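Nothing fancy with the numbering, it's 1 onward along the sequence. A quick note: this is a predicted structure, and the numbers were derived from the prediction, not measured.
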Amino acid sequence: MRKKKILYAALAGMIFLPSFLGNASGVLAEDQKNVRSKEEVVYATLKANGDIGPIYVVNTLEVAKAGGILDFGNYKTVKNLTDRTELKQEGERVEADVEQDGKFYYQGDLEEGTELPWDVAVTYLLDGSEVDPSQLAGETGHVEIQVETKANESMDPVFYENYLLQVSLTLPNTYKNIEASSGGMQANAGKNKQITFTVMPGKEEQLRVEADVENFEFNGVEIAAVPSSLPIDTTGTEGMTDDMAELSDAIGQLNDGVSELQNGVVQLNDGAGKLRDGSAQYKNGINQLNGSSSELVGASNSIKEALGTINRGLSGGAADVDLSSLMELPAGLRELAKGLNETANGLATLQENYGAAYAALDGAITEIPAGDLSEAEIASLYESGADPAVVDKLAANYAAAQRVKGTYAQVREAFAAVEPSLTQVDGAVRGMSGTLTTIADELSASLKETDLSGFAELTKGMETLATNYNQFHSGLVSYTNGVGELSASYSQLHTGLIGLTDGTSELSSGVGELSEGTEELHSETKDLPEKMQAEIDKMIQEYDKSDFKPVSFVSEENEKVTSVQFVIKTEAIKMEEKKTKEAEPEEKKGFWTLLKELFK
């Protein structure tokens, strides 16, 4: 008899205690009569739309020794699930005299109208239109099942605030395009697809599952409610806050770096502005020099023609010489020498302006940081929270600045050679001016002392002078042509410098906006570790229910409750099975009937 009782108890545990519902431990009350602890599993069957149906409770009592036991519950009927011991029910009192210690199981059916701590509503839609579940079996189309859970305001909130819900829906794998709302986890379960949702304690949820179905059937919504009693492990949060501290520090360093970059870009922009102004002065000077080149060449050409005329006149003989034109030559040579001196002064000014402009250009471009900005560094700027448009502008201006730096490196030698060339040309022009002045002085003195007896020597000297001056004039023409080419080329360079200045101005503006953005980001994230810790503490306070002590669902009189769990299921939606009409047994024909049929 004892073995049978133990077998009954084991079978009852297998039937009424699903494996996924674990047993929680609690504090045992010292004054409970002969009962060490009590567990309750509440089974509720809901209608297909979520309305309340019958509810019963399977109670498990841990009996200390054989003898009388007492439990409480507002039951309509009770049933012993352990042995044949009679249960006595009076009001909420349930008593029995058990024959042995150990676990004792009994079922109590609750009175009609008993409610659950959660209000559950299930809505069905077919092709977008709400439909009564009784009309849905066997339908084909797009079905959507909506499950809403919220607190039952008429019940004690202790279960709603401390229990999590596991909501499961099972659909055949033959259904197509099965989808679930956010948080729904899909898993294969044999020939079916199981969709599971978790609803945290104290939270209302609206869950959704939809699919394309044919001959729709549904086993119903299953809900398991268990205490959220697992403590939250906070040992890993220190590492998280440390990581956030490193991130906050990195953002601070980024902000400092952007501030330094802003200062450098401001200096670059100022240098580019000075370079533009110096370049404008140099451009004006070279243009003026180029403009005066035609006058210089014209004057030199007049001297060349005059020398040629004198030389031709002297070659005709002393009788044909008109010394009056020759007397005017020293003055022309001195005028030309004066023009060359003015040109040399212009070149000196040009050299000075160019030196200042070149120094500003070289210094500004040298200050442009070398090296490439990697894609990872650019990506970190986008991820830092700065305005993407500002980062785009910064990257474009940075690329333009690098191109300017690279181009300048290629032509730097040409720029460096300009100032020495100007010095050399200035010296050559001053030398030519001095030579012409010397020629003029010597020619003037010779004319005052000359007579026809020295005519042959004068003729020879003038021939040499005319020949040498032709060479000088050719060199002067080449020089002015070079000045013209330099003027045209520098105009293009100056246009490029203006573009560079505009670019550095935009770069300065963009980096300024970026600096404001990183400053704001740093301001918002410098307290990030403290804010994160506060959120972690808030989450722990909200979801850590490890200090929850179970209470009885059926009666406040039950004190030694260690576990209360809920198993809730809605009615299934099934197609009616077609009944096959049984063939009526054929009436056995008698002898006379058979005989009559022979003669028909």
Side-chain angles (χ1 to χ4, degrees), residues 12-26 37-61 71-76 78-79 81 105-122 147-170 194 196-205 207 219-230 543 545 548-556 558 560-572:
M14 294 173 62
I15 294 173
F16 295 102
L17 297 178
S19 60
F20 63 83
L21 295 175
N23 294 330
S25 61
S37 64
K38 169 185 170 63
E39 298 176 0
E40 299 174 359
V41 180
V42 182
Y43 293 88
T45 301
L46 309 182
K47 296 181 181 179
N49 63 355
D51 291 344
I52 291 290
I55 301 176
Y56 67 92
V57 180
V58 174
N59 298 279
T60 304
L61 306 178
D71 196 40
F72 295 91
N74 186 21
Y75 301 120
K76 180 172 58 176
V78 293
K79 182 191 302 182
L81 302 175
Y105 303 91
Y106 81 92
Q107 175 180 325
D109 297 331
L110 294 174
E111 295 286 350
E112 293 183 5
T114 302
E115 298 182 8
L116 293 171
W118 302 270
D119 282 339
V120 179
V122 185
V147 181
E148 181 181 4
T149 64
K150 59 182 180 179
N152 184 348
E153 301 295 342
S154 63
M155 296 285 291
D156 187 341
V158 63
F159 296 103
Y160 177 76
E161 293 176 353
N162 292 279
Y163 277 53
L164 63 82
L165 305 181
Q166 186 179 46
V167 183
S168 300
L169 295 85
T170 302
Q194 187 175 50
T196 305
F197 301 89
T198 299
V199 180
M200 299 303 292
K203 299 294 182 182
E204 297 182 359
E205 289 289 349
L207 314 174
N219 287 330
V221 179
E222 298 181 2
I223 303 174
V226 294
S228 177
S229 58
L230 294 177
Y543 291 116
K545 308 296 182 180
F548 170 68
K549 295 181 179 180
V551 296
S552 174
F553 174 70
V554 293
S555 175
E556 295 180 354
N558 296 318
K560 296 184 178 182
V561 179
T562 59
S563 173
V564 177
Q565 301 166 354
F566 296 80
V567 178
I568 306 168
K569 190 176 187 305
T570 66
E571 293 177 339

Report task. Report the residues that fulfil side-chain contact (heavy atoms from CB on, under 4.5 Å) with A151, sequence neighbours left out, ordered by chain and then residue number. Result -> E153, Y160
Report task. Kindly write out the residues that satisfy side-chain hydrogen bond (donor to acceptor under 3.5 Å, both in side chains) with S552, not counting sequence neighbours, or none if the list is empty. Result -> E40, N558
Requested in this report: Could you pull out all residues at least two apart from D156 that satisfy side-chain hydrogen bond (donor to acceptor under 3.5 Å, both in side chains)?
Outcome: none
Report task. Any chance you could measure K38, atom NZ, to N59, atom CG, to the nearest 0.5 Å? Result -> 3.0 Å
Query raised in the report: Which distance, rounded to the nearest 0.5 Å, do you find between the CG of D71 and the NZ of K560?
Result: 12.0 Å
Report task. Nearest 0.5 Å please: distance from the CH2 atom of W118 over to the CZ atom of F566. Result -> 4.5 Å
Query - Shortest non-hydrogen contact from V122 toward A48 - result: CB-O, 3.5 Å
Requested in this report: Identify the two heavy atoms, one from S555 and one from F72, that lie closest to each other, and give their separation to 0.1 Å.
Outcome: OG-CB, 3.4 Å
Report summary line: Heavy atoms of Q194 and S168 approach each other most closely as NE2-CB, 4.1 Å
Requested in this report: Locate the shortest heavy-atom distance separating S154 from E115; write the atom from each residue and the value.
Outcome: OG-OE1, 2.7 Å
**Report entry** For E222, side-chain hydrogen bond (donor to acceptor under 3.5 Å, both in side chains) partners two or more places apart
**Finding:** none
Query raised in the report: Sequence neighbours excluded, which residues qualify as side-chain contact (heavy atoms from CB on, under 4.5 Å) partners of E111?
Result: N74, K76, T114
Report summary line: Applying side-chain contact (heavy atoms from CB on, under 4.5 Å) to V551 and not counting sequence neighbours gives V158, F159
**Report entry** NZ (K569) with more than 12 external heavy atoms under 6.0 Å
**Finding:** yes
Query raised in the report: Can you tell if the side chain of V147 reaches within under 4.5 Å of the side chain of F197, non-hydrogen atoms only?
Result: no
**Report entry** N219: side-chain contact (heavy atoms from CB on, under 4.5 Å) partners, not counting sequence neighbours
**Finding:** K574
Query raised in the report: Can you tell me how far CZ of F553 sits from CG of L110, rounded to the nearest 0.5 angstrom?
Result: 6.5 Å
Query - Close side-chain approach of T45 to Y56, heavy-atom, < 4.5 Å - result: no
Query raised in the report: What's the verdict on side chain to side chain contact (heavy atoms under 4.5 Å, CB included) for N152 and L116, showing C-alpha distance, side-chain angles and the deciding distance?
Result: CA-CA 7 Å; N152 184 348; L116 293 171; 5.7 Å; no
Query raised in the report: Taking N162 for the side chain and P227 for the main chain, is one N or O donor matched with an acceptor at less than 3.5 Å?
Result: no
Query - Interatomic distance, I52 atom CD1 to I568 atom CD1 [nearest 0.5 angstrom] - result: 7.5 Å
Report task. Please answer whether the main-chain N or O of G50 pairs with a side-chain N or O of T570 as donor and acceptor at a distance below 3.5 Å. Result -> no
Query raised in the report: If you measure from CD on E204 to NZ on K150, what distance do you get to the nearest 0.5 Å?
Result: 6.5 Å
